[in-house]
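Let me begin by presenting the structure, written as structure tokens, before commenting on it.
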Amino acid sequence: MLDITGLSVAYGGLRALSGVSLLVEEGQFVTVVGPNGAGKSTLFKAISGIVRPEAGGIRFAGEDLLARPAAARAHLGIAHVPEGRQVFKNLTVRENIEMGAYPEAGRQRWAETLERIHSLFPILAQRESQLAGTLSGGEQQMLAIARGLASAPRLLMLDEPSMGLAPAVADMIFDRISQIHREAGLTILLVEQRVAEALELADRGYVLETGRIVLEGPYQTLLSDDRVRRSYLGIGEED
Amino acid sequence: MDALILLENTLNACVAGLVIGCIYGLMCVGLSLIFGIMRVVNFAQGDLLMLGAYAAFYLVVGWGVLAFLGPNTAPFVAAVLAGPIIFALGWVLHRFLLARVSGLRTAGSLDEGHFGQLIVTLGVALILQNGGQILFGSTPRAVTTPLSSSAWLIEIGIGDTTIFLNKARLIACLLSIAAVIGLWLLLDRTRLGRALRAAADNPTAATYMGIDVDRAHRIAFALGSGVTAIAGGLVATYLSFTPFMGLDFVVIMYAGVVLGGMGSLLGAFWGGVTIGFVQQFSALALPPQLQNAAIFVVFLLIVVLRPQGLFGRSADRA
């Protein structure tokens with residue numbers, strides 16, 4: 001469904017991604033893990049069209065994404081839940097979700113998705129007419145995910161949904177994400193620093209370090225890889 | 001007797017302040033869209049108002065296209081038509097100049113493009129003022145209507161205290177209120193309005209939602225230009241003007257927007273109304289050249305006492 005080949009992105013002279021290839025198939029849950037500054041967010045921004053790659057290709061559902069302007073990509077069925085949530089602070093919770101449903105697909109399935117969102121995150125129904133800027137971090141994260149779901153996407157991209165959240169809240173967010181994937185069969189691409197949880201959810205995983213994919217495979221393979229265990233899971237150091 | 005005269009003067013200042021204030025409110029709302037909501041510094045706002053006044057002038061007097069409507073109706077129809085005309089101009093201005101220093105292009109930069117906007121709009125203001133002088137001449141113009149020299153008299157039943165309602169100003173006031181309500185409904189109730197607010201609130205996230213942010217900013221800029229131009233057309237019905245009229249009004253507009261609270265459209269309207277009040281009340285006690293000084297005293301007081309503005313909603317918009 002999403003097929004990235006040889007993607008390179010540079011900011012000024014600084015190379016953020018070099019030759020990244022990545023494949024997400026329909027219905028899969030794919031995770032990209034890696035340390036801070038590895039280029040995970042840049043990868044998402046390139047998919048969404050906020051940064052322009054200098055080389056490589058991105059195809060989504062058979063279409064050449066790079067030929068499409070950024071604002072057109074949401075309409076193809078890509079929902080980007082950005083790092084740091086980026087909710088519309090001066091809009092109400094309800095209006096935020098409505099903005100998510102800006103693409104045609106979201107409007108058509110509005111009633112159905114809204115009900116689903118409220119069953120996943122009941123707190124958002126309670127806070128409906130509150131300004132999004134007044135929500136707590138966890139609630140803003142739920143809203144950001146809800147806003148992504150509201151577009152009735154074919155691919156949901158989540159950028160560090162656990163960032164800055166208390167562990168219990170982050171666990172709850174991971175539960176919901178896994179529920180969304182299980183129940184709706186939604187294709188998900190997740191970027192995370194919390195490697196263990198993120199890999200556990202995924203069908204496939206990629207390890208991104210300083211702009212390069214250093215390891216990829218199904219999650220069992222990654223979890224049993226020595227490098228992953230040592231660098232990200234903090235186990236196996238005594239070997 | 002003195003008490004009655006004082007009462008009459010006070011009541012009349014109140015009414016005049018409210019009426020003028022609504023027209024100020026309308027021009028403030030135009031700037032509020034551009035500066036308060038989209039966060040674009042626009043020094044040419046006063047000159048867009050001036051162009052609105054001249055658009056009305058040419059429609060009614062200069063070319064006389066609307067003269068057939070008669071002197072009681074034509075000036076007001078012209079004022080409303082100045083809206084779409086200057087909307088188009090605002091669209092072009094944004095497309096070729098402001099888009100380069102605002103929107104997504106500057107969203108992440110340190111000054112959010114304010115320096116660029118300052119220079120560009122100051123330049124546009126100078127071109128419009130001096131170009132206006134070449135094209136329109138420096139003779140003061142007016143879109144005269146017999147209504148501006150007649151008034152409805154309301155006797156309130158205390159002695160012979162009478163309230164004077166200038167007909168032209170009252171109609172202008174009512175049209176202003178209608179325009180503000182229309183704009184507010186557009187922003188609050190429609191899909192386009194929500195998209196404009198989202199694009200202003202967080203341009204990057206708005207792009208992720210599939211909103212064409214540049215286009216949204218262009219529409220907002222053009223709307224803000226058009227709304228202020230309508231106010232300019234309305235001002236023209238009771239005040240004579242030259243191509244430099246914008247200088248007086250740009251001060252009122254910025255004060256009104258900041259008074260009302262940066263992110264709030266209706267706040268900007270009330271900011272404008274407040275300024276109308278202060279101006280008319282200061283006329284009771286102060287010589288006319290100190291009226292603007294009075295506006296600034298009130299402005300400073302509010303900035304000191306309530307920095308988020310009278311109707312500011314959230315801290316990060318103050």
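First the proteins, then the strands, lettered A, B, ... as listed; each starts at 1. Note that the coordinates shown come from a computational prediction; the quantities given were computed from them, not determined experimentally.
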Taking every non-hydrogen atom, the tightest pair across [X] and [Y]:
{"X": "B/A195", "Y": "A/Y102", "result": "CB-CE1, 3.7 Å"}
{"X": "B/R194", "Y": "A/L91", "result": "O-CD2, 4.4 Å"}
{"X": "B/M209", "Y": "A/A74", "result": "C-CB, 3.6 Å"}

Whether over 12 other heavy atoms sit under 6.0 Å from [X] [atom1]:
{"X": "B/R100", "atom1": "CZ", "value": "no"}
{"X": "B/R215", "atom1": "CZ", "value": "no"}
{"X": "A/E115", "atom1": "CD", "value": "no"}
{"X": "A/R109", "atom1": "CZ", "value": "no"}

Look up atom OG1 in B/T207 and atom NE2 in A/H80, then write down how far apart they are to the nearest 0.5 Å.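 Rounded to the nearest 0.5 Å, the OG1-NE2 separation comes to 11.0 Å.
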Atom CZ of B/R197 and atom OG1 of A/T92: how far apart are they, to the nearest 0.5 Å?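 Atom-to-atom, B/R197:CZ and A/T92:OG1 are 7.5 Å apart.
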Counting only N and O atoms by type, is there a donor-acceptor contact under 3.5 Å from the side chain of B/D212 to the main-chain atoms of A/A71?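 Pair absent, no side-chain N/O of B/D212 close to backbone of A/A71.
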Is it true that a side-chain atom of B/D201 and a backbone atom of A/K89 form a donor plus acceptor pair closer than 3.5 Å?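 Between the backbone of A/K89 and the side chain of B/D201 there is a qualifying donor-acceptor contact (under 3.5 Å).
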Does any heavy atom of chain B fall under 4.5 Å from the side chain of [X], the backbone, both, or neither of them?
{"X": "A/V87", "value": "backbone"}
{"X": "A/R85", "value": "neither"}
{"X": "A/A72", "value": "neither"}

Lys/Arg N to Asp/Glu carboxylate O, A/E98 vs B/R191, below 4.0 Å: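 A salt bridge is absent here (no side-chain N lies under 4.0 Å from a carboxylate O).
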Partner residues of A/E63 under the salt bridge (Lys or Arg N to Asp or Glu O under 4.0 Å) criterion, sequence neighbours left out: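 Residues passing salt bridge (Lys or Arg N to Asp or Glu O under 4.0 Å) with A/E63: A/R68.
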Taking the side chain as every heavy atom from C-beta outward, state whether A/E95 and B/D188 have any pair of such atoms under 4.5 Å apart.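 Yes; the side chains approach each other to less than 4.5 Å.
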Any side-chain heavy-atom pair from B/Y208 and A/I50 closer than 4.5 angstrom?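 Yes - at least one pair of side-chain heavy atoms lies under 4.5 Å apart.
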Of all of A/M157, A/H75, A/M99, which one pairs up most often with chain B through heavy atoms under 4.5 Å apart?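 Among A/M157, A/H75, A/M99, the one with the most close pairs to chain B is A/M99.
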